[in-house]
Protein chains: 2
Amino acid sequence: MDRSGPTGLVPEVGLDRTSPVPLYFQVASRMQQLIESGVLPVGGRLENEVELAERLGVSRPTIRRAVQYLVERGVLVRKRGVGTQIVHPKVRRPVELSSLYDDLAKSGQKPRTQVRTLEVRHAPDHVAEALGLDENAQVTWMERLRFADGEPLAIMQNAVPVDVLPLRCEDLEGRGLYELLRAAGYAPRMATQVVGARVATAAEASVLEDVRGAPLLTMTRTAWDASGRGVEYGSHIYRASRYAFELTLST
Amino acid sequence: MDRSGPTGLVPEVGLDRTSPVPLYFQVASRMQQLIESGVLPVGGRLENEVELAERLGVSRPTIRRAVQYLVERGVLVRKRGVGTQIVHPKVRRPVELSSLYDDLAKSGQKPRTQVRTLEVRHAPDHVAEALGLDENAQVTWMERLRFADGEPLAIMQNAVPVDVLPLRCEDLEGRGLYELLRAAGYAPRMATQVVGARVATAAEASVLEDVRGAPLLTMTRTAWDASGRGVEYGSHIYRASRYAFELTLST
DNA sequence: GTCAACACTTTGTCCTGACATAAACGACGG
DNA sequence: CCGTCGTTTATGTCAGGACAAAGTGTTGAC
């Protein structure tokens, strides 16, 4: 390891002690900015924590907490006795669970949603079990057809416990389900998915404007919020010719 | 919220101050044991941190760090002014990235691997780019056929930079690639995957002992270790009739 | 009776200080 | 020339204290 000193010096940034934003977070945000803007070079080493603390005028625990935050997000790596390094930007933990609607919107395609069914009903057994609900619990059940750039892309069946969120047709047509959940304070924090493949039946093909025997991606998902409450169950099929899952896994 | 006090009391456990295992980790492990064994009930509230610290004979920062550790793993939730609660066991962050071999072994099926190709070669452009290697970097390139319970399941093409790990046929036949990477100190910590579907060509069908037009799951993956170094690239196809991806996502 | 203000509990933030320990370096001796 | 043993340097762990802020419940005024 090169002992020629740190390759990147964190400038004395202005910290605002009157701000409600915690100091450690101000430090972390500033560091991340400096890294993303290239002032602190990828692969470079940071100063040691004691110096950093002195120069920024905060205590070492505060610096440690800021660094820790960035380590958890995959921006920095620490090695005892060696120092703290900036890792390659490719390896960053995603900040939130993505949903199809978000993905499409982000990639520049114009998502459109057609709500085919929207009703309150008793949760089917497998849904109740997946979400951890009572047998006779009520869920909002919906079936939607999702278009991207005008072409049908997916058939989506979803269930959301009624007491989590009242859902209306017009909401679902303009925004994604995850966006609505987040707005209601039930942001999905964890989800298990099963992704498989099969060929389309005649009925599915007709809805998706594809041919019978066309390859389909299937996905069933259960999502929980931060407190462990089941907030969404979904069973989707996608036209494989027009969609593939892109996902980031991390430990 | 119920103010009747905590529903679960952490017993005074024996902490070993001579042990090299950090105190906060001893506390966290003990707590997790108590939660998993049901002594501390799911949904219950913990004592407040100050009491806990006093009773266990450690400082509050140590308790906080232990709790923090479990919060990050999804075992506990904290709410300022309220307390710390135990969340449902279903919502736990997975501890490590899984690979097909591990998954099969864990689910009781007997994985077997037939190595069809194993050679050192220049990295193809798309592989070099995905792993962040120089253009003329060398990789170990392998093509393997994976069986579960005697039936062919997947065709797997993988590349690993040569300086990461020397790979031998006999290693690959007895163990999974990820296990070998972990043993060599390059444990994958983050990966991006693209999962799609298509139908089998005649050649693929013959290798997989399936029929032409059978649905296939396709997956391409790039994996990085903790320091951001690209350690594995893979392009796999699976028989959809015998396999589906099961994955856990978390923020 | 209703609603606002206050008190209390609990986690969140931040500080100072100290010692432990892993990794890398360099000097020394074989 | 090479390995060994300390030295240096950096992060890791832990203590104890102080105050801030968010939720909850209670009290009191109207």
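Each chain gets a letter, A, B and so on, in the order the sequences are listed, and its residues count up from 1. Only a predicted model underlies this, so the values are computations on that prediction, with no experimental measurement involved.
Following rounding to the nearest Å, B:Gln85 (CD) and C:dT11 (C1') show an atom-to-atom distance of 13 Å. Summarising the geometry, the separation between CD1 on B:Ile63 and C1' on D:dT13 is reported as 14 Å, rounded to the nearest angstrom. A straight line from CG of B:Leu56 to P of D:dC14 spans 13 Å, rounded to a whole angstrom. D:dT9 atom P lies 15 Å from atom CD of A:Glu47, rounded to whole Å. Rounded to whole angstrom, the span from the CD atom of B:Glu49 across to the P atom of C:dG12 amounts to 6 Å. What separates CG of A:Leu76 from P of D:dA10 is a distance of 16 Å, to the nearest Å. Separating the CG atom of A:Leu52 from the P atom of D:dT9 is a distance of 18 Å, rounded to the nearest angstrom. Rounded to whole angstrom, the span from the CD atom of A:Glu51 across to the C1' atom of D:dT11 amounts to 14 Å.
Residue pairs meeting the ring pair (Phe, Tyr, Trp, His ring centres under 6.0 Å) criterion with at least one member in residues 162-192 of chain B: none, sequence neighbours excluded. Residue pairs meeting the ring pair (Phe, Tyr, Trp, His ring centres under 6.0 Å) criterion with at least one member in residues 59-87 of chain A, sequence neighbours excluded, are A:Phe25-A:Tyr69. Residues in residues 36-68 of chain B take part in no ring pair (Phe, Tyr, Trp, His ring centres under 6.0 Å) pair, two or more places apart or across chains.
Residues passing the side chain to side chain contact (heavy atoms under 4.5 Å, CB included) test with B:Val194, sequence neighbours excluded: A:Ala244, A:Glu246, B:Thr220. In this structure, the side chain to side chain contact (heavy atoms under 4.5 Å, CB included) partners of B:Glu170, at least two apart in sequence or on a different chain, are B:Arg168. By the salt bridge (charged side-chain N to carboxylate O under 4.0 Å, His left out) test, B:Arg78 is found to be paired with B:Glu49, residues two or more places apart in sequence or in another chain being considered. Listed by chain and residue number, B:Asp16, B:Val21, B:Gln26 satisfy the side chain to side chain contact (heavy atoms under 4.5 Å, CB included) test with B:Ser19 (two or more places apart in sequence, or in another chain). Evaluation of the salt bridge (charged side-chain N to carboxylate O under 4.0 Å, His left out) rule for A:Arg144 yields no partner, not counting sequence neighbours. Applying the side chain to side chain contact (heavy atoms under 4.5 Å, CB included) test to B:Pro124 and every residue at least two apart in sequence or in another chain returns B:His126, B:Val127.
Atom-to-atom distance recorded for B:Arg229:CZ and B:Trp224:CH2 is 14.0 Å, nearest 0.5 angstrom.
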**Prompt:** Taking only Watson-Crick and G-U wobble pairs with both distances under 3.5 Å, what dot-bracket line describes DNA chain D, where [ ] shows pairs that cross earlier ones and | shows pairs with another strand?
**Reply:** ||||||||||||||||||||||||||||||
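Ion pairing between A:Arg182 and A:Asp102 holds under the 4.0 Å rule for side-chain N and carboxylate O.
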Interface polar pairs with nucleotides 3-6 of chain D, N/O, under 3.5 angstrom:
none

Between the protein and nucleotides 13-16 of chain C, list the N/O to N/O atom pairs that are separated by less than 3.5 angstrom.
from: C:dT13; atom 1: OP1; to: A:Tyr24; atom 2: OH; distance (Å): 3.3
from: C:dT13; atom 1: OP2; to: A:Arg65; atom 2: NH1; distance (Å): 3.1
from: C:dT13; atom 1: OP2; to: A:Arg65; atom 2: NH2; distance (Å): 2.3
from: C:dC14; atom 1: OP1; to: A:Leu23; atom 2: N; distance (Å): 2.3
from: C:dC14; atom 1: OP2; to: A:Leu23; atom 2: N; distance (Å): 3.3
from: C:dC14; atom 1: OP2; to: A:Tyr24; atom 2: N; distance (Å): 3.2
from: C:dC15; atom 1: OP1; to: A:Arg17; atom 2: NH1; distance (Å): 3.4
from: C:dC15; atom 1: OP1; to: A:Arg17; atom 2: NH2; distance (Å): 2.9
from: C:dC15; atom 1: OP2; to: A:Ser59; atom 2: N; distance (Å): 3.0
from: C:dC15; atom 1: OP2; to: A:Ser59; atom 2: OG; distance (Å): 2.8
from: C:dC15; atom 1: OP2; to: A:Thr62; atom 2: OG1; distance (Å): 2.4

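Nearest-nucleotide positions on DNA chain D place A:Arg78 closer to the 5' end than the other of A:Arg78 and A:Pro20.
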